[in-house]
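Notes to accompany the following structure.
Keep in mind that what you see is a predicted model, and the values were worked out from it rather than measured.
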2 protein chains.
Amino acid sequence: MPTIEDVAKQAGLSRTTVSRVINDQPYVAEEKRQRVKEAMDLLGYVPNSSARRLRNQKTETIAILLPNITNPFFSHLIEAMEIKASAWGYRVIICQTHEDEKKELDYLELLRTKQVDGVIMTAVRNEWSKIKPYLTYGPIVLCNENVRGANLPVVYVDHEQAAYEATRHLIQQGCRHLAYLSGGNDSIVAQNRQKGFLKALNQSGLSPVLDEKMEGAYTIDHGRDVLHSLVQHHPNVDGVFTGSDEVAAGMIHEAKQLGLRVPDDLAVVGFDNQAISLLMSPSITTVEQPVTEMGEHCVETLVHYIEHPSVLFRQEIVFRHQLLVRDSTQQRVTMIS
Amino acid sequence: MPTIEDVAKQAGLSRTTVSRVINDQPYVAEEKRQRVKEAMDLLGYVPNSSARRLRNQKTETIAILLPNITNPFFSHLIEAMEIKASAWGYRVIICQTHEDEKKELDYLELLRTKQVDGVIMTAVRNEWSKIKPYLTYGPIVLCNENVRGANLPVVYVDHEQAAYEATRHLIQQGCRHLAYLSGGNDSIVAQNRQKGFLKALNQSGLSPVLDEKMEGAYTIDHGRDVLHSLVQHHPNVDGVFTGSDEVAAGMIHEAKQLGLRVPDDLAVVGFDNQAISLLMSPSITTVEQPVTEMGEHCVETLVHYIEHPSVLFRQEIVFRHQLLVRDSTQQRVTMIS
DNA sequence: TTGTATGCGTTATCAC
DNA sequence: GTGATAACGCATACAA
């Protein structure tokens, strides 16, 4: 494994000169620059990244914290983030927290131990007081998440408004007994969605159907479970706002198994506009988020803070969402032949 | 940011002793061990990982190369790998190659520049002669992939046998005009599947329907396109073996749109047993791979080679697959009331 | 324009 | 048991 020293010897020059060539610095005679390059090629030299990190106090690596990569929302987010990070010359370490407070903190340690230059959190379980100290060691950006009291860049869509629109739509379709599924933990995102849900109900003088079994639902299987719970305990429910297309898909699938008609007996709204929402029959009414743009923006913001260190300040970037109405809430228009 | 030196001063001891405590080494008096620990707590000391890397010539990081994280097969693989790697104390860098030869090599450079200790490749576009040189810098393990001439650990299922079984099943269901979709690039995996497909056909004296439009299909949209191509150019096809549930789902969805009945007019087999294969109606007959076990095994093999350096030798670990017969190939049995 | 010397923070070697 | 000291490989202040 050749070092800069070996290259210097081979070229008959000093380490400094070689270093200058490596880093494209000026004040190197063109002739010597060539000599160095030849020596590097000859020896197959590559700068040792560990040494560079130590010397430069930079890792060119970022960590992305997320609950679970198999959730399509997150895998799409990561896809965009990795591409953008890579374009900026950064590596991406993936950190699945599985909604575990301790794991979340363990991964934040990457910042303190200088293994990454910055962190993007797409889900936060710890309270702000636990997170805040890590800002000493590098920037943190929140994506699709929010934390009470946190003063750092936050990227998301207006979940309250989205839920409000979706719920209004359900009411317009004739639903009168509506249930809300958070689509995640007791995060602020979930709370905001609930706010929007309740607001729409209040405006129409309706009251919500709530059930603790419906909290924390964010997988297909949760959707199945919830549907059973609904049928058993709240058979009059005729419309559901869920926090994810997976939950919606699970509910619809199970509803069909039980002979319920969607949307006639039960209308369902999902979230995220995943591939599955179009493939299901009936197709799923859902809320689209600009995942790619959000991911890219997060990376750019983070990289900016990494390369221009300064005190982080609260900065909310709200992306536009869109309600996509499909068959799971709307009667298909009968073909007139 | 306190260093080991600061801790030493604070404790009134030498760097060496502090280092011994950090690394849980013997030959430190219990009393001093305590003093060091107190000093570390007091100063909030954390070992600097960059310095450690340089000194130990180890990064405790691995790179996972994959085409695209949004493909559920890969996201499930990564999930398992990340968990296992984390349990072994390794970080995971995610590297999306997007089927690009150059990106693949760029990411392999992580090995040469000492940014990772080892690499798992879940897709290979370059030929062996391009990959081989990197083995000088660290171990590489292939997952769900194979390369002609490669002498390194390879983890996969028997795709030829799986395709054979799936195709036989289609024939048993009465299909006589069968088409094959590789479900990926012109990889050895795809070739093996094709072998199995053709073997089953030969045994029954049938000949395949082939179409260049069907190569490289591995997304829902590809599935849609392929179906159109099929309807247009090969309307007599009554059975398809696809390389992924996504493609199968896309085909089925589009077939329904066009008024084709599945499986009556067209039977479809997928691959991977993704969530979607159960949610679609009809549910999709598919081949299950033990993704989690495969991912875990890859990481364990790689970590083994990292921690016990030795010449890599060819070593094939074949996991068991299973054909899951569902409604996309089989008439639903009518309930007798 | 080039080279020398120093330090980034850690751990291993060796002497005490 | 403990502590000086020398690397690990690189990049920069400073001298020439």
Atom-to-atom span, CG of Asn48(B) to C1' of dG7(C) - whole angstrom: 13 Å

Other residues, nucleotides, ligands: >12 heavy atoms within 6.0 Å of Glu127(A) CD: no

Protein-nucleotide distance (Leu54(A), atom CG; dG9(C), atom P), rounded to Å: 7 Å

Phosphate OP1/OP2 of dC10(D) contacted by Ser19(A) side-chain N/O (<4.0 Å): no

Spacing between Arg15(A) atom CZ and dC8(C) atom C1', to the nearest angstrom: 14 Å

Euclidean distance, atom CD1 of residue Ile4(A) to atom P of dC8(D) [Å, nearest integer]: 14 Å

Donor-acceptor contact below 3.5 Å, side chain Asp6(B) vs main chain Thr3(B): yes

Side-chain donor/acceptor of Asn23(B) to backbone N/O of Gln25(B), under 3.5 Å: no

Residues, nucleotides or ligands: over 12 heavy atoms within 6.0 Å of Arg314(B) CZ: yes

Interface residues of residues 22-43 of chain B with DNA chain D (non-hydrogen, below 4.0 angstrom): Tyr27(B), Val28(B), Ala29(B), Lys32(B)

N/O (side chain, Arg52(A)) to phosphate O (OP1/OP2, dG9(D)) under 4.0 Å: no

Atom pair distance, as rounded to whole Å: CD in Glu60(A) and C1' in dA11(D): 14 Å

Presence of Thr3(B) side-chain N/O under 4.0 Å of dG9(C) phosphate oxygens OP1/OP2: no

Euclidean distance, atom CG of residue Asn56(A) to atom C1' of dT12(D) [Å, nearest integer]: 10 Å

Side-chain donor/acceptor of Arg20(A) to base of dA11(D), under 3.5 Å: no

Presence of donor-acceptor pair under 3.5 Å, side chain of Arg53(B) and base of dT11(C): no

Exam field: side chain Glu145(B) to backbone Val124(B), donor-acceptor pair closer than 3.5 Å: yes

Among dG9(C), dT4(C), dA11(D), the nucleotide that comes nearest once only the side chain of Arg55(A) is considered: dA11(D)

Phosphate contact (dG9(D) OP1 or OP2) by Gln57(B) side-chain N/O below 4.0 Å: yes

Distance, rounded to the nearest Å, where Lys58(A) contributes NZ and dG9(C) contributes P: 17 Å

Check: Ser19(B) side chain, Arg15(B) main-chain N or O, donor-acceptor pair, under 3.5 Å: no

Over 12 foreign heavy atoms within 6.0 Å of NZ, Lys130(A): no

Between P of dC10(D) and CD of Gln115(B), the distance in whole Å: 13 Å

5'-most by nearest nucleotide on DNA chain D - Thr16(A) or Met1(A): Met1(A)

